**Q** 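Structure incoming, see below.
Order of listing sets the numbers, starting from 1, for every ligand and every atom in it. Remember, it's a predicted structure, so these values are computed and weren't measured experimentally.
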Amino acid sequence: MGTVLYSVAPWQLGIRSAWNALKDGGSALDAVEKGCSRCEQDMCDGSVGYGSHPDETGETTLDAMIMNGDTMEVGAVGNLRRIKSAISVARAVMEHTAHTLLVGESASEFAENMGFPAEDLTTNTSMTMFAEWLRQNCQPNYRKNVFPDPTKSCGPYKPGSKVQRGRWHQQERKDIRSHDTIGMIVIGPSAQVVAGTSTNGANHKVPGRVGDSPIAGAGAYADSAVGGAAATGDGDVMMRFLPSYLAVELMRTGMDPSSACKTALSRIKKHYPGFFGAIICANTTGMYGAACNKVPGLSQFSFMVSNPHTESPIQKK
Ligand code: SD4
């Protein structure tokens, strides 16, 4: 019937929704959309969907993409505001426009025009996170945009300042709970490969920041002639290396999925040995693999698989 691969935390409901979509006769595109949507609605781990990971102004924004490996079409949204169903908006971009990626306020206006409801993406949880971050990092007169102390890590931004504003605190970058993505590869009954992602990105990001998740070849990639890949982790670093594209291209040369995943991550590791990230890959024969850059003492990523041999998802680390 097909295979569903799914990263990264044990969010069983997402993979079950995708698998059920295939069982009900849906396409691989439907399965990716349903699986990611389920996680968006459930606010999986606070890392996907609304209500968590506010930016430096307290707003939660979303990134998502979907790629059809039959046609090589991609639909994606970055920094999407006010709309909860990021993966469905991404699919609408793919199916109802000639474009690939829409961002920010314009993406939200597109979504509203397409009938998606505008809703508040903040919750008590996200407001509490924001308030705590302000308290710990910003000057009391943050609201007035006056920053006598340039070592504090929130705006306004000035040229020449070496302060890594908007960068997550080092510990936070390495804590899986402060950022994560649902990344999904589905190989449908007709061997169509579809990959997709959805996330609310990095906690306390600079407004306007778009991560790797909605970038084709970075967050995910699919080619029905070969297979698919999806990545999670420190998107600011990972998107510089297009790891999902590289993994698919390595599988095209005949490399097995596990080795392709490892090789794609090792490129990043060469320049950023301490980066935190992971990738999953599957080829059209149903073989799959995953790799993770292990950072000592820190939480690790996991992934899940459903296929005709193991209808209940198996979780792997
Ligand atoms: C991002 N890659 O926005 C996403 C978040 C993530 O583990 O997956 N973090 O950078």
**Q** Report yes if some N/O of G201 lies less than 3.5 Å from some N/O of ligand 1; otherwise report no.
**A**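 No; the residue has no nitrogen or oxygen that sits under 3.5 Å from a nitrogen or oxygen of the ligand.
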**Q** Between D63 and ligand 1, is there a nitrogen or oxygen pair with a distance under 3.5 Å?
**A** no
**Q** Below 30° counts as parallel, above 60° as perpendicular, anything between as tilted: where do the rings of F241 and H271 land?
**A**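 Geometry flag for H271 against F241: tilted rings.
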**Q** With the side chain counted from C-beta on, respond yes when D30 and R91 share a heavy-atom pair under 4.5 Å apart, and no when they do not.
**A** yes
**Q** Give every donor-acceptor pair under 3.5 Å between a side-chain atom in residues 275-283 and any protein atom, sequence neighbours left out.
**A**
| unit_1 | atom_1 | unit_2 | atom_2 | d |
| --- | --- | --- | --- | --- |
| N283 | OD1 | T285 | N | 3.0 |
| N283 | OD1 | T285 | OG1 | 2.6 |
| N283 | OD1 | G286 | N | 3.4 |
| N283 | OD1 | M287 | N | 3.1 |

**Q** Can you find an N or O of G233 that's nearer than 3.5 Å to an N or O of ligand 1?
**A** yes
**Q** Is I185 reachable from V305 through a run of I, L, V, M, F, W or Y residues, each pair having side-chain heavy atoms under 4.5 Å apart?
**A** yes
**Q** Should the proximity of R209 to ligand 1, defined as any heavy atom under 4.0 Å, be assigned to the side chain, the backbone, both, or neither?
**A**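 For R209, the contact with ligand 1 is made by the side chain alone.
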**Q** Would you mind running through ligand 1 and noting each atom that sits below 4.0 Å from a heavy atom of S213?
**A**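 Ligand 1 atoms under the 4.0 Å threshold to S213: 2 (N), 4 (C).
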**Q** Would you call R252 and D223 a salt bridge, using N to O less than 4.0 angstrom?
**A** yes
**Q** As a check for students: among D212, I215, T232, identify the option with a heavy atom nearest to atom 4 (C) of ligand 1.
**A** D212
